[in-house]
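Structure first, then comments.
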Amino acid sequence: MRRALAGQSEAVGLIVRTLLALVGAALVGSIFLAIDGVDLGFAYQEIFEQSFGSSFAVKNSLIEAVPITLVALGVAVAFRAGIFNLGGEGQIYMGALFAVLVVLGLSGLPGPVLIVLGLIGGAIGGGLWGGVAGALRSRLGLSEIITTIMLNFIAFWIVSYLVRGPIQDPDGAGYPYTKEIPAKADLPTLFGTIPLGAVLLVVAAVVVWILLERTKTGISIKSLGAGEAAGRFSGLNVERTGFAVLLIAGVLGGLAGAASLLGNEGRLSDFFSPGWGFVGVMTALIGRGTAIGTLVAGLLIGFLNNGITGAQSAAGIPTSTAQILVGVFVLFLIIVNTDIVATALRRAASSLKGGSRG
Amino acid sequence: MGDFLDILGSTALYATAVRLALPILFAALGEVFAERAGLVNVGLEGMMLAGAFAGVIGAHYTGSPWLGAICGMVAAIGIAAIQAGVSINLSGDQIVVGIALNLTVLGVTSFLARAIWEGGDVPKVDGFSAFSMPVLSGIPALGPIIFKQSILIYVALIAAFVSWWVLTRTSWGLRLRSCGEDPRASDSLGISVFAYRWKAMIICGALAGLGGVFLSLGQLFTFSDNMSGGRGYIALAVVIIARWSPLRALWAAFLFGACEALALRTQVTDINVPAELMLALPYVVTLIVYAGVVGRSRPPKSLGRGYSRG
C-alpha cells in the first residue's frame, strides 16, 4: 500500500515537473515572439489550426511526426544503454538512399512489394551506418559521440555526390535530386487522414517496447545502461550489446529515411533531412528513453512543427521558433529532473500542503 | 596526377588550411580546459554559433570588429554559464545539456537574425581581414602561410602556448587538472572543484566564442544560419586526437583544415575527382586518425562525471 502510494506520488511528481518545463518553454518562446512583434493570441490559434484544425492538417502533422519519431526510437534504445546515437542524420540519408535505389531499380514490381522492399532497403542502409559506428565503438573503442557525427557528414556528402552524378534525374534540369519514385510505391493514406507511415510508427514503438521490456536483449541493453563495469562483472557482453544497440538504432534511423521518402518526399535530394536526426535526440530525451514516451513526444513535436510551419506566413512566426521551443523544453526538463531541483520542488510542494512530509 | 602534386606543393593550400583550422583550434583549446577539469562540453557547437552571431551583431552596431569579438565571447560565455550551472551545480547530464543547448542556440540565432534583418539577410560587416606582416611575410613558404593571415592567427597561436603553459606549468593548472582526475581528492585538499570547473567552462566559452567570431568576422564577414556547421563537434574530435594537449591541438586542427583545404582546392582545378567526395575527406581522415590514436590516449579519469560533495 505504502509502495503503491510512493509510486503514485512519483508519477504525479514526474507529470508536474514535465508540465513546469513545458510552461517554462512556452514562456520563453512567447517572449521571443512578443519581442518580434507577433500577436500571440492569433499566433497560438493559428498554430493550433494548422496542426489539428482539419483532417488535412492532422495528416500533415502525422507525416511530419513519422521520420522524427522513428529516428527518435533509435536514439531512445541507445539511451537506455547509455549510448548517444547522434548519427540520426546519416542513418536517415543512408536509409533514404538505399530505399530510393531499391524502388527505382525494381520499379517493375507491384506497388505493395515495392513499398516493403523499399522499407527493408532503408532499414539495411541505416543499419549499415549505425553498424559502422557500433563496430568502431566495440572493436576499436571509438566514442560514438564523435563517430556518429563524422558518419553524418560522410553520408551527407555521399548522397550529395550521387544525386548530382550517377543517380541524378536526367530530366531534372540539373537539380540535385533523383527521379521521382513511381506513384504505386507511395505510402497510402488511410481514411483520408492517417498516413501509413503513422501506422508504421506505432508498430515500431510497440516493437521497441517489446524489445526493451520483454526480451533478453532488452535486459542486456538496460544493464549496459546501468554501468559498463557492473555489466561486465555480471557477465554481460559489453561489446556485442554496444554494437547491437547502434545497429538497431541505425535500422530505425534508416526506416525514418525510407518512410519519409516513400511517404512524403518522393525523391532523394541533397538536403533531404532538415535536421530530423538532432530533433530525434530531443524527442527521445523528452520521452525519457521509453518507447511509449518517445512515441508521444514524437507526435507532439510533429504537430508542433507542422503547426508552426503552417502558421509561418499568416502569423509571422519564423520556423526557428520550433527549435527554440523544443531546445528550451529539453533544457528545462533536464533542470527540473536533476536530484537537487526535484527535491527542492518536492519540499516546496509539501510545505504548501501545510508542512506534511513530502 | 601532376595537377594534384601541384596543389600539394602550393603555399596557397596551406594558407587556406591554416585559415580553416583556426576556428576549430580556438574551440578545441577551450574544450581542453573543460575536459581537463572533468567536463565534456558538447555545447561547443552552440557556443561557436553564438559567438559567430553576436560577433556580427557587435561589429555591425559598433563598427569595430574588436568590440564584435568581445560581444561574441560574452555571448558564448553566457551559453557556457548555462552549461556550467546545469552540469556542475545541478549535476545534470553534461552531454545531454550540451545537445539541448546546441539546438536552442541554433533556433535563437536564426530567429534573431530574422527579427533584426528582414528575411534573415544579415549585412556584411567590417571584420578581421588578412594582412601581410612586415618582414615576416617575406619568409619563403612560411611567410604566406602564417604571416599573411588575419590578426586572429596570432591570438590563436598565443592562446595555444598560454593554454599549454597554464595547464602544465602552473599550480593553478595542476589544481584544475586534479579536478578532472580525482575531484574527491582535490576537494579533501581544499580545492574548490565547483570553482575550478566553473572557471574552466568560462574559459572554454570565451575561446569557443572566439572560434565562432573567426568564422563570421574572419572568414565570411557576415552571419548565416547554422554557420558553425558541425565544427564544434569536429573540435571535440580534435581534442581526443590531440590527447588533451593544447600544443598537439595545433597539429590536429591543422590536419583537419588541410583536408578541407585540399577538398576545396581540387574543386577549382580540372582534376577528375567528384568535389562532393573530396568534401567528405576531412571526416574520413578524422575517423582514421582517431582510430589510430585512441589506444594511446587516456582521457582525464573523471571526465563526464558530475561531482557532489558528501
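Per chain, numbering begins at 1; letters A, B, ... match sequence-line order. Keep in mind the model is a prediction, meaning the values are calculated, not measured.
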Query raised in the report: Between L136(A) and chain B, which part of the residue has a heavy atom less than 4.5 Å away: side chain, backbone, both or neither?
Result: side chain
Report summary line: The interface call for L33(A) against chain B, heavy-atom contacts under 4.5 Å, is both
**Report entry** Between CZ on residue R114(B) and CG on residue D36(A), distance to nearest 0.5 Å
**Finding:** 10.5 Å
Query raised in the report: Where on L162(A) is there a heavy atom nearer than 4.5 Å to chain B: the side chain, the backbone, both, or neither?
Result: neither
Requested in this report: Please look at V281(A) and chain B and tell me whether the side chain, the backbone, both or neither of the residue comes under 4.5 angstrom of a heavy atom of that chain.
Outcome: side chain
**Report entry** From CG (D225(B)) to OG (S320(A)), nearest 0.5 Å
**Finding:** 7.5 Å
**Report entry** Whether Y161(A) side chain and A280(B) backbone form a donor-acceptor pair below 3.5 Å
**Finding:** no
Query - T319(A) portion near chain B, given a 4.5 angstrom heavy-atom threshold - result: neither
Report task. With a 4.5 Å cut-off on heavy-atom pairs, point out which of A115(B), G107(B), G306(B) contacts chain A the most. Result -> G107(B)
Query raised in the report: So which part of I240(B) gets closer than 4.5 Å to some heavy atom of chain A, the side chain, the backbone, both or neither?
Result: side chain
**Report entry** Engaged part of L86(A) at the chain B interface, taking heavy atoms whose separation is under 4.5 Å
**Finding:** side chain
Report task. Tell me, for N102(B) versus chain A, whether the close heavy atoms (under 4.5 Å) come from the side chain, the backbone, both or neither. Result -> neither
Query raised in the report: In terms of ring plane angle, is the pair F32(A) and F111(B) parallel, tilted or perpendicular, where the classes change at 30° and 60°?
Result: perpendicular
Report task. Identify which part of R164(A) has an atom lying under 4.5 Å from any heavy atom of chain B, answering side chain, backbone, both or neither. Result -> side chain
**Report entry** Contact origin within I149(A) toward chain B - heavy atom pairs under 4.5 Å
**Finding:** side chain
Report summary line: Smallest heavy-atom separation, A291(B) atom then L142(A) atom, equals CA-CD2, 3.7 Å
Requested in this report: Side-chain contact test, heavy atoms from C-beta onward, threshold under 4.5 Å: evaluate it for D93(B) versus I334(A) and give yes or no.
Outcome: no
Query raised in the report: In Å and rounded to the nearest 0.5 Å, what is the CD1 to OG distance from I340(A) to S308(B)?
Result: 7.5 Å
Requested in this report: Output the option from S143(A), G165(A), G37(A), G275(A) having the highest count of non-hydrogen pairs under 4.5 Å with chain B.
Outcome: S143(A)
Report task. Starting at CZ of F332(A), measure out to OG1 of T104(B) and round the result to the nearest 0.5 Å. Result -> 9.5 Å
Query - Audit row: I99(B), F84(A), side chain to side chain contact (heavy atoms under 4.5 Å, CB included) steps and yes/no - result: CA-CA 10 Å; I99(B) 298 170; F84(A) 288 90; 4.3 Å; yes
**Report entry** Partner chain B: residue of N152(A), L140(A), I154(A), I35(A) with the largest heavy-atom pair count (under 4.5 Å)
**Finding:** I154(A)
Query raised in the report: Does OH belonging to Y175(A) count more than 12 external heavy atoms closer than 6.0 Å?
Result: no
Query raised in the report: So, for A237(B) and M150(A), which heavy atoms are closest and what is the spacing to 0.1 Å?
Result: CB-CE, 4.1 Å
Query raised in the report: Taking every heavy-atom pair that is under 4.5 Å apart, which of L103(B), L281(B), V86(B), L279(B) has the most such pairs with chain A?
Result: L279(B)
Report task. Go through the atoms of L112(B) and report whether side chain, backbone, both or neither lie under 4.5 Å from a heavy atom of chain A. Result -> side chain
Query raised in the report: Tell me, side chain or backbone of S110(B) under 4.5 Å from chain A's heavy atoms, or both, or neither?
Result: both
Requested in this report: State the CH2-CE distance between W157(A) and M278(B), to the nearest 0.5 angstrom.
Outcome: 12.0 Å
Query raised in the report: Heavy-atom distance under 4.5 Å between the side chains of Y233(B) and I146(A), does that happen here?
Result: no
Report task. Give, for atom CD1 of I335(A) and atom CG of N89(B), the distance between the pair rounded to the nearest 0.5 Å. Result -> 11.0 Å
Query raised in the report: Should the heavy atoms of other residues, nucleotides or ligands under 6.0 Å from CG of D339(A) be counted, would the total exceed 12?
Result: no
Report task. Give the minimum heavy-atom separation between T338(A) and G92(B), together with the two atoms involved. Result -> CG2-CA, 3.8 Å
